[in-house]
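Notes follow the structure.
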Amino acid sequence: MAHLRRRFAAFTAALVMSLTSGTVASPAFAHPTEPDKTATARGYGGAVSTVDPEASAAALRVLRKGGNAVDAAVAAAATLGVTEPYSAGIGGGGYFMFYDAETGEVSSIDGRETAPEAMPHDAFIDPETGEPYPFTPELVTSGVSVGVPGTPATWERALDRWGTVSLREALKPAIKVASRGFEVDETFRQQTLDNKIRFEAFTSTTSLFLPDGDAPAVGSTFKNHDLAKTYRLLAKHGTDAFYDGPLAEEIAATVQDPPKTDTTKLPVPVGHMTTADLAEYEALDQDPAHVEYRGLDVYGMAPSSSGGTTVGEALNILDTVNLSEMTVPGALHHYLEASALAFADRGKYVGDPAFVDVPTDALTDPLFGKERACHIDPLQAAEKPVTPGDVSEYDGVCPAAAAAPADEKDTENISTTNLTVADRWGNVVEYTLTIEQTGGSGIVVPGRGFLLNNELTDFSTVYDPADPNRIEPGKRPRSSMSPTIILEDGEPFLALGSPGGSTIITTVLQTILNRVDLGMDIPEAIAAPRASQRNTASVTAEPKFIDAYESQLKPYGHELSPAGDSFTSAAEIGAATAIEFMSDGSMVAAAEPVRRGGGSALVLKPSR
Ligand code: GLU
């Protein structure tokens with residue numbers, strides 16, 4: 001695959017500039033603290049891409065001071081907890097992937113939230129009606145959907161395993177941003193407004209995020225002294241101060257008895273978390289899922305996330321055809337069909353491997369992918385939902401045996417954040433972290449400055465013993481987070497990831513195809529309009545995708561429907577970040593030019 005890099009070796013800094021000019025979001029007015037925001041940067045000695053200029057700047061400072069990619073990733077993640085508090089923070093969880101330049105190995109940490117030990121199978125059934133709680137607003141704004149947070153433990157574990165600085169050091173930039181404040185942008189204000197009814201349900205959340213009864217104004221400075229204090233506590237005492245002691249007691253009490261306002265009409269079902277659940281939480285070392293695609297080694301997050309197996313299976317399916325020789329609609333048709341097939345298997349087989357026998361090897365087996373590829377008609381979209389394959393019996397020969405379909409309802413929300421960091425030694429981090437939907441459960445732990453997740457809504461709502469994603473005490477709900485690191489001949493070629501609930505999987509997949517098969521460079525691959533087929537009757541797509549491809553995909557039988565829902569105002573899919581490693585030793589850091597107001601890509605040295 002060396003040709004891939006050669007093909008793009010001519011990719012010049014000038015080209016990058018021309019690609020991004022006009023799309024780089026520049027602030028309408030200067031703010032004393034706001035770092036520059038550019039969507040693409042090419043250079044040497046280290047690179048970072050996040051959705052936020054403060055977070056990218058924090059990571060870059062750590063790299064400049066001699067920290068490695070892990071140190072910088074934790075600094076960036078902690079800063080995102082300040083500037084993107086509705087997407088990520090210490091009240092949530094995530095998945096951390098690391099390429100170690102010294103050993104050439106890719107490793108990962110599963111920092112997913114867990115269900116409390118006292119969570120019953122029928123936790124999502126309203127005892128008053130005997131029916132499942134309506135998903136919105138009851139379940140999403142509740143104590144019952146709060147999982148034991150994994151993010152503090154993930155940071156500590158990553159620093160212990162691979163970092164060179166202490167947690168105290170890594171938290172410094174975030175503490176500074178929380179104390180001195182950051183500039184409120186359109187996205188922050190809009191996300192606050194989107195959550196107004198939920199935030200108004202809690203005294204703690206109202207006083208933090210709706211200080212005068214309104215979302216902070218665009219251009220104003222938002223400070224979070226409570227979070228600065230909480231970070232200082234962790235800096236001083238380590239994460240024991242989170243999982244044990246007064247803060248753990250407050251978290252458990254908040255989940256069991258959320259601080260509701262007198263005026264709210266939201267029911268807010270209470271949760272089951274105890275201090276013992278917090279004390280027992282562990283971020284898990286996990287072997288990544290691996291597939292080969294066009295000779296590249298693709299490493300993704302193994303279950304409890306479905307990201308690695310689903311992206312991997314779709315790639316295995318697509319490895320049986322040559323997308324680059326197809327017309328663009330033909331290639332897109334194959335992308336959509338492969339994704340639907342992989343989603344059928346995800347629904348049938350993937351859950352927390354501590355509770356479910358997940359056939360990760362079969363799902364990522366090229367033979368299984370080959371057999372699943374038999375179900376793609378090159379000219380006609382299959383009727384959806386397609387049935388899953390049979391992992392107990394496959395030989396790569398058509399036709400594949402079908403298994404009974406899973407009864408699936410996609411309730412994953414579209415929030416979360418993703419970051420990519422590389423350092424001068426060649427180490428790479430890809431990290432996706434979340435509090436589930438934008439604004440999480442809506443509940444701020446009083447006086448502590450952070451929101452609790454509502455990640456347990458990622459479990460299936462109704463308990464079915466045959467469902468791998470059924471609720472179990474102590475279990476991790478299935479995720480879609482797909483931090484991905486791709487090696488070429490053992491060296492980093494591309495690292496990427498995205499937020500977006502179950503569309504994370506398709507965003508990562510589509511971006512890989514854009515880059516590897518469809519002749520785009522990485523900034524173009526990220527900027528390109530997106531569509532997401534998750535084994536449903538119609539394909540969710542961004543307006544620009546619909547404009548460009550609707551008429552060309554119609555003859556195949558694909559129906560496109562616009563992305564976005566009644567809750568969020570944005571008709572966008574994902575907010576990716578990536579770094580590509582070029583053959584001349586440079587790195588191209590790429591963030592979104594437009595989605596979510598544009599991300600921030602930085603490099604340590606623009607020239608050698
Ligand atoms: N809960 C989702 C997951 O774990 C992430 C939420 C999101 O991206 O919005 O896959």
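In what follows, every heavy atom counts, from backbone to side chain, and hydrogens, waters and symmetry copies are set aside. Whatever order the structure lists them in is the order used to number ligands and atoms, beginning at 1.
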- prompt: What part of Glu455, side chain from CB on, backbone N/CA/C/O, both or neither, has a heavy atom under 4.0 Å from ligand 1?
  reply: side chain
message: Is the contact between Ile504 and ligand 1 made by the side chain, the backbone, both, or neither, using heavy atoms and a 4.0 Å cut-off?
response: side chain
message: Could you check, using the six-membered ring where one of them is a Trp, whether Tyr431 and Phe96 have ring centers closer than 6.0 angstrom?
response: yes
message: Pairs of nitrogen or oxygen atoms closer than 3.5 Å, one from Pro499 and one from ligand 1: do any exist?
response: no
message: Are any of the N/O atoms on Ser480, whether in the backbone or the side chain, positioned under 3.5 angstrom from an N/O atom of ligand 1?
response: yes
- prompt: Do Arg161 and Ser107 have side chains that get closer than 4.5 Å, going by heavy atoms?
  reply: yes
query: Does Arg112 have a non-hydrogen atom less than 4.0 Å from ligand 1?
result: yes
message: Filter on side chain to side chain donor-acceptor pair (under 3.5 Å), then keep only pairs touching residues 79-92, sequence neighbours left out; what's left?
response: Asp52-Thr83, Tyr86-Thr192
- request: Using salt bridge (Lys or Arg N to Asp or Glu O under 4.0 Å) as the criterion, list what pairs up with Arg530, not counting sequence neighbours.
  value: Glu592
query: Which of parallel (below 30°), tilted (30 to 60°) and perpendicular (above 60°) describes Phe209 and Phe222?
result: parallel
